[in-house]
2 protein chains.
Amino acid sequence: MGRDIAEALGLLLKRSTRVGLHRRLTDGAGEGVDELTYPVLSGLARTGPRSAADLAHEVGLDRSGVTRRASTLEAAGLVRRDPDPTDRRATLLTLTDEGERVVAALRERLADHITDSLRSWPPDEAAAFAAQLRRFVAEGPFG
Amino acid sequence: MGRDIAEALGLLLKRSTRVGLHRRLTDGAGEGVDELTYPVLSGLARTGPRSAADLAHEVGLDRSGVTRRASTLEAAGLVRRDPDPTDRRATLLTLTDEGERVVAALRERLADHITDSLRSWPPDEAAAFAAQLRRFVAEGPFG
DNA sequence: AGCATAGCGTGCGCCGCGCACGCATATCCG
DNA sequence: CGGATATGCGTGCGCGGCGCACGCTATGCT
């Protein structure tokens with residue numbers, strides 16, 4: 001039964017890599033945001049202002065990569081570099097209002113997409129599935 | 001509610017990219033198989049012998065990439081290049097017995113991993129979740 | 001004060017990837 | 001039946017992202 005999940009997961013991932021989901025999601029989403037910068041943007045929205053090193057660990061990328069992507073986003077006006085008030089070495093990456101708006105729009109777009117694909121499901125089943133998926137991810141094998 | 005799924009999916013994907021899941025899965029799995037070659041191996045196991053072009057479309061990669069990865073796997077003795085009997089231009093990529101064994105072992109390893117992480121779930125809930133996940137992927141927004 | 005440590009940005013080298021070319025074969029059409 | 005076009009394959013090339021390491025600044029500990 002774990003085998004069923006593994007198989008479904010495999011298929012899901014096959015279509016959801018950077019070149020799949022993130023590329024399609026961010027296609028035509030404006031200046032500076034693409035399949036590479038999106039994870040940074042999204043991670044930042046998820047946890048609020050964070051240091052580059054923190055974000056790097058979160059995204060599973062090298063710190064330098066996060067820095068560079070953040071610079072792209074900064075140039076596009078979606079991310080701001082604020083000095084950390086408690087540590088003058090650190091700079092906190094923060095979403096600008098525009099950045100917040102963009103990421104919110106993208107998330108809504110994805111959510112709509114998913115909701116739409118669940119149109120034919122009984123509502124209670126869909127809700128149960130959502131809850132279980134959340135739980136699976138939270139407890140899941142990829143913690 | 002699609003929003004819940006989207007969020008969970010985002011978290012899931014964040015940890016399941018090539019550098020995450022596939023890397024950890026194939027770590028120490030033997031010569032020639034790593035996070036890059038695994039998708040080729042796995043896709044081949046899923047659909048049987050196929051041409052490189054077909055596989056490329058399946059994996060969402062350029063044909064040249066598939067060719068190169070297949071060469072790696074061939075050198076490791078996991079994949080064989082058979083001439084297509086119906087078309088002398090084409091070469092069918094085929095898993096060797098050793099290749100079958102390796103991919104089976106990897107899948108079992110992943111399945112065990114997942115099953116293990118569902119230990120605390122009521123069995124019927126887990127089964128229902130597996131079925132729903134399969135359905136979601138089949139009908140899903142990333143067809 | 002002084003040394004070890006942590007955070008940041010940047011230059012460098014590696015490597016995967018997409019593009020395009022050349023070659024072999026197959027198919028189509030006159 | 002034969003030339004033209006199309007398809008499949010492997011490979012060379014250039015681009016670009018990424019990890020590593022360096023230099024710099026700031027911090028903390030003794």
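Residue numbers begin at 1 in each chain, while the letters A, B, ... track the order of the sequences.
For A/Asp84 and C/dG7, the CG to P distance is 11 Å, given to the nearest whole Å. Rounded to whole angstrom, the span from the NE2 atom of A/His57 across to the C1' atom of D/dG19 amounts to 16 Å. Look at CZ on B/Arg63: it is 10 Å from C1' on C/dA20, rounded to the nearest Å. Nucleotide D/dG17 holds its C1' atom 11 Å from the CD atom of A/Glu35, rounded to whole Å. For B/Asp54 and D/dG8, the CG to C1' distance is 11 Å, given to the nearest whole Å. Atom-to-atom, CG of B/Leu55 to C1' of D/dG8 comes out at 14 Å; the value is rounded to the nearest Å. Distance, B/Arg23 CZ to D/dC18 C1': 11 Å, rounded to whole Å. For the pair B/Arg50 CZ and D/dC9 C1', the computed distance is 17 Å after rounding to whole Å.
Side-chain contact annotation: B/Arg68 with B/Thr72, donor-acceptor N/O pair under 3.5 Å absent.
Taking side-chain N and O atoms only, A/Arg88 has no distance below 4.0 Å to OP1 or OP2 of D/dT25.
Evaluation of atom-type donor-acceptor distances gives no pair under 3.5 Å for the side chain of A/Arg89 against the base of D/dT27. Donor-acceptor pairing under 3.5 Å, judged by distance alone, is present between the side chain of B/Ser64 and the base of C/dC19. For B/Ser51 against D/dC9, no side-chain N or O and base N or O form a donor-acceptor pair under 3.5 Å.
Set against C/dC8, C/dC17, D/dT27, the side chain of B/Leu61 has C/dC17 as its closest nucleotide. Considering only side-chain atoms of B/Thr91, the nucleotide from C/dG9, C/dC8, D/dG10 that sits closest is D/dG10. With C/dC19, D/dC20, C/dT25 as the candidates, the nucleotide lying closest to the side chain of B/Arg68 is C/dC19. Comparing C/dC17, D/dC9, D/dA26 against the side chain of B/Leu36 picks out C/dC17 as the nearest. When distances are taken from the side chain of A/Thr67 to each of D/dC9, D/dT27, C/dG9, the shortest belongs to C/dG9.
Between the side chain of B/Thr37 and the backbone N or O of B/Gly32 there is at least one donor-acceptor pair closer than 3.5 Å.
Place B/Asp87 and A/Asp87 on DNA chain D by their nearest nucleotides, and B/Asp87 ends up nearer the 5' end. Comparing A/Thr86 and B/Ala90, the nucleotide of DNA chain D nearest to each residue sits closer to the 5' end for B/Ala90.
Contacts of A/Ser71 with the nucleic acid, taken as non-hydrogen atoms under 4.0 Å apart, are absent.
Taking the six-membered ring where tryptophan is involved, the planes of A/Trp121 and B/Phe136 are perpendicular, since the angle between them exceeds 60° and thus also 30°.
Tested against B/Val102, the residues B/Leu41, B/Thr26, B/Leu73 include a single side chain to side chain contact (heavy atoms under 4.5 Å, CB included) partner, B/Leu41.
For the pair A/Arg119 and A/Asp116, the salt-bridge criterion is met [side-chain N within less than 4.0 Å of a carboxylate O].
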